[in-house]
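Side chains are part of it too, since the values below use all heavy atoms of this structure and drop only hydrogens, waters and symmetry mates. Below, chains carry the letters A, B, ... as their sequence lines are ordered, and counting in each starts from 1.
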Amino acid sequence: MTVAVVQFGGSNCDRDAVRALDHLGIEAERVWHADGLPDDVAGVILPGGFSYGDYLRAGAMAARAPVTEEVRAAADRGVPVLGVCNGAQVGCESGLVPGAFTTNADARFHCERAHVRVERADTPFTQAFDEGQVLKLPIAHGEGRFEADDATYDRLVGENRILFRYCDADGAVGAANPNGSRGAVAGLIGDRESVAVLMPHPERATLPQLGPTDGAGILQAFA
Amino acid sequence: MSLSLADRERVVAELGRDPTRTEAALFENLWSEHCAYRSSRPLLAAFDSEGDRVVVGPGDDAAVIAVGGTANESDTYLTFGVESHNHPSYVDPYDGAATGVGGIVRDTMSMGAYPVALADVLYFGPFADDHPRYLLDGVVDGISDYGNAIGVPTVAGSVAFHPDYEGNPLVNVACVGLTSEDRYVTAEAQTAGNALVLVGNATGRDGLGGAAFASEDLDEDAKTEDRPAVQVGDPYAEKRLIEANEALLDEDLVVSARDLGAAGLGGASCELVAKGGLGARIDLDEVHLREEGMNATEILLSESQERMCYEARPEDIERVMAVADRFDLGVSVIGEVTEGDYVCQLNGETMVRASAEFLGDGAPPHDLDRAEPTRPTPDLPAETDVADAVETVLTDPSTASKAWVYRQYDHEVGLRTVVRPGADAAFLSVDEADADVALSAGSVPTWTAHAPYEGARAVALEVAMDIATLGATPLAAVDCLNGGNPENPETYGGFAATVDGLADACRDLETPVVGGNVSLYNDSVSGPVPPTPTLAMLGERVGENRGEAPDITVTGEGGLLLVGDSDGRLGGSTYLANRGGTDRFPALPEDPLGVVETLAAVARAETTRAVHDVSRGGLAATLAEMVDEAGVEATVPDYETLFCEAPGRAVVETTELDAVRAAFDGVAPVTDLGRATETPALTLSVGEEMVSLDAAAVAECRDTIARSID
């Protein structure tokens, strides 16, 4: 039983995800997309990067890759699935979650630390936190602005599916929104609580020598 | 540009016949300044490149050095290399800068290393003008799109503006890779009979003759006319090439390797076998092409990106091809290593037949005249308002915050970045060797334009001080020596002085210079660029708490000390650049290594709260940059002390003032500056005058670039 970190040709946070899980004592391995998921997969991470170069639309090609069909089937079986950054874009493009992550409001890549507020603490990805808790997580993306049409956004809010919103250090949503996301959404869950996508990088906030370790609580979903 | 008459005669004498058109083109590119260092080779002997850390020194695609101990003690190695992509970045800033990143990353891969860090060092014309700003935007965008996509963090570098880069910006990029004693390879062909395998993108007509293009002055209309000589990058292919290279190394399938850069396949394959004292037979028909009907010259000299040439044992060919297939990369077996000449054939016809050694190393160096740089007579401007002067220095684009730049670079991918951009140096965790590695890179055009020799020495010391602020000590350096047309004695004289200055300073710092790059002919209608010796340096820290470095910003808990000496000379300073006037360049310390090592020791002390070295903008900029959540209250006697940019100095916030004084006793003077305060503000007493800026006002001053460009 191992967590599969799916590696596409342009993935670049796959090694980091494995290293962070390994640090938490969670068995994980990189799985080359063409090889498919192991039968007894215990969890799936779609890591950050530029899956197929993303010359088209971020995540659009990967969403149509055969392995993504396997990921969807695993998610339907209740296997925890987390899409991070490019993995979040793949998650939207493949319909694991609704909405889209598109070009940042200022059309620039942002690599910095962002504060996010935990909107619900009863999912596998947030059980380590309290509702309303403020986390400091690294972001690194050019296309991280969450967008959804009114009906979809209202449904997401109504179904309580927003996991994290960008906020300032005191937890005030609206005061900080690095990419201009609708509703300052930084992460959300799919039809099941065991499927989540987020733009911030939990694997970059797990090893203690690199600074705050708020990401570890998110990755504990795979423990 | 074509082969010079003298070179042509030399070739005819060697071959005993006229060269074919393909041979002539190959000689022209391989013997160009860019590939053969003909004008700089006589100068480069000044560098000391040996040391107990050096595994592979200059001359290969990148240097290899041991980390965590000497080459005998440690089996973890770092590769280190630097490259320029100056001319392409003027013609096409986005693609020029992007392919510069791609090239230095492949230099890293061809040593058998995985790229772990990049540093980009950029020089542009005046920020106030539109064109330099357009170039800055395009170059940063190109580096960001390419570097971010391939998953190599850009952790260090610098950006400087100076009028003499107006028509010719400089884009220098350094890369650090990680490898080991078992894993590293070199670009030296080993055995006749082995196959040469080309892996990566198909070969097209892009970037034809790029090496020769890089060795000419830029014309005014260079932008449109020379676009075909600029290559276009494909980071998705580069990423797959990185992964394929790792897989080939994992399976021990690489005997030797060289990336295809300047002069393309011809350059890579010829230099690979020449280094091994061997020859090659290349079947140009076998090269996988992007377009039909390419002739031999085009196939040999195309600078299409994302291609590697490997020497593989014949029995391993199938496995090499399987790895390439897995990563969806093109692959072709293009020939074999031989004991004879370097021979290229197309359609059964021999297009090239010459000794690889003659092709690779036969270009005689140029013996050029140099004029000694002149020293200006001091003529200082009258100072009227120190507060205004401080604001001027802090808002100067070269001193101002570069957050707008580095925020666009992914500087955290790879999980090694302990200290991020914005500090004096980046700090990378190398757990493989139980070490943390510091990286800093840059040069200061106002220093080297004013005083090439002393300025270059100052650059080396400043970079070493950056490393010391993290508690690390210098390990090795690589240089990227940029200059104008060397046939002009004044230009060449200034360039040569920077080479000597860098070499002398690195010797004083006991830091081997293990590799480098030379870029000449950086001239435009606005004249030559200042001699610009970019230095990239790696430092190392081992032992307990190795990653715990003080910030550059104060905590508000300690007193402030200035360590190091200065004579208050303002030559080369940001202050004079803005105010006009001249002065001598400041004197440099007698014992620079002592200052660096002592500062590193102080930075490691638990009682040290913050350390920031003095560089561009002098003490004024240093103190302002230390203000963030806490503040600084300092007293200096005069504006010379405030704006002098003599390196070898740092401001230390400490709770044990006497311990710092004792540490520097006999090494360098220590001066009381004042104290850090809980109030986040900069308060300076300068003689009779007072300057006071709260943290927001300091940030506003330093926000020049972001404020003006977005």
Residue part contacting chain B, namely of A/D35, when any heavy atom lies under 4.5 Å:
side chain
B/D436 versus chain A, the contacting section by heavy-atom distance below 4.5 Å:
neither
Under a 4.0 Å N-O cut-off, is there an ion pair linking A/D16 with B/R416?
no
Hey, are the side chains of B/E243 and A/Q7 touching, using non-hydrogen atoms and a 4.5 Å cut-off?
yes
Measure B/T417 against the heavy atoms of chain A and call it side chain, backbone, both or neither at under 4.5 Å.
backbone
Residues of residues 207-215 of chain A under 4.5 Å from chain B (heavy atom pairs)?
A/L207, A/Q209, A/L210
Go through the atoms of B/D137 and report whether side chain, backbone, both or neither lie under 4.5 Å from a heavy atom of chain A.
side chain
Does A/Q127 have more than 12 heavy atoms from other residues, nucleotides or ligands lying within 6.0 Å of its CD?
yes
Which of A/R204, A/R113, A/H201 passes side chain to side chain donor-acceptor pair (under 3.5 Å) with B/E412? It is A/R113
Do B/R240 and A/F8 have side chains that get closer than 4.5 Å, going by heavy atoms?
no
Between B/F427 and chain A, with a heavy-atom cut-off of 4.5 Å, which part of the residue counts as in contact: side chain, backbone, both or neither?
neither
Within a strict 4.5 Å, meaning less than it, do heavy atoms of the A/H23 and B/L415 side chains meet?
no
Max heavy-atom pairs within cutoff under 4.5 Å with chain A, candidates B/P235, B/G547, B/A403, goes to B/P235
Above 12 or not: heavy atoms from other molecules or residues under 6.0 Å from CD of B/E251?
yes
From A/Y52 OH over to B/D328 CG, what is the distance, rounded to the nearest 0.5 angstrom?
8.5 Å
If you round to the nearest 0.5 Å, how far is CG of B/D410 from CG of A/N12?
7.0 Å
OH-CE distance between B/Y236 and A/M61, expressed to the nearest 0.5 angstrom
7.0 Å
Side chains of B/R326 and A/W32: does their closest heavy-atom pair fall under 4.5 Å?
yes
When rounded to the nearest 0.5 angstrom, what is the spacing between CD in B/Q408 and CZ in A/R108?
5.0 Å
One option among A/G9, A/A140, A/S11, A/G10 has the most heavy-atom pairs under 4.5 Å with chain B, and it is A/G9
Nearest 0.5 Å, what's the CG-SG distance between B/N148 and A/C111?
7.5 Å
Ranked by heavy-atom pairs below 4.5 Å to chain A, first place among B/I150, B/V152, B/D141, B/D234 goes to B/D234
Any ion pair linking A/D106 and B/R407 (charged N to carboxylate O, less than 4.0 Å)?
yes
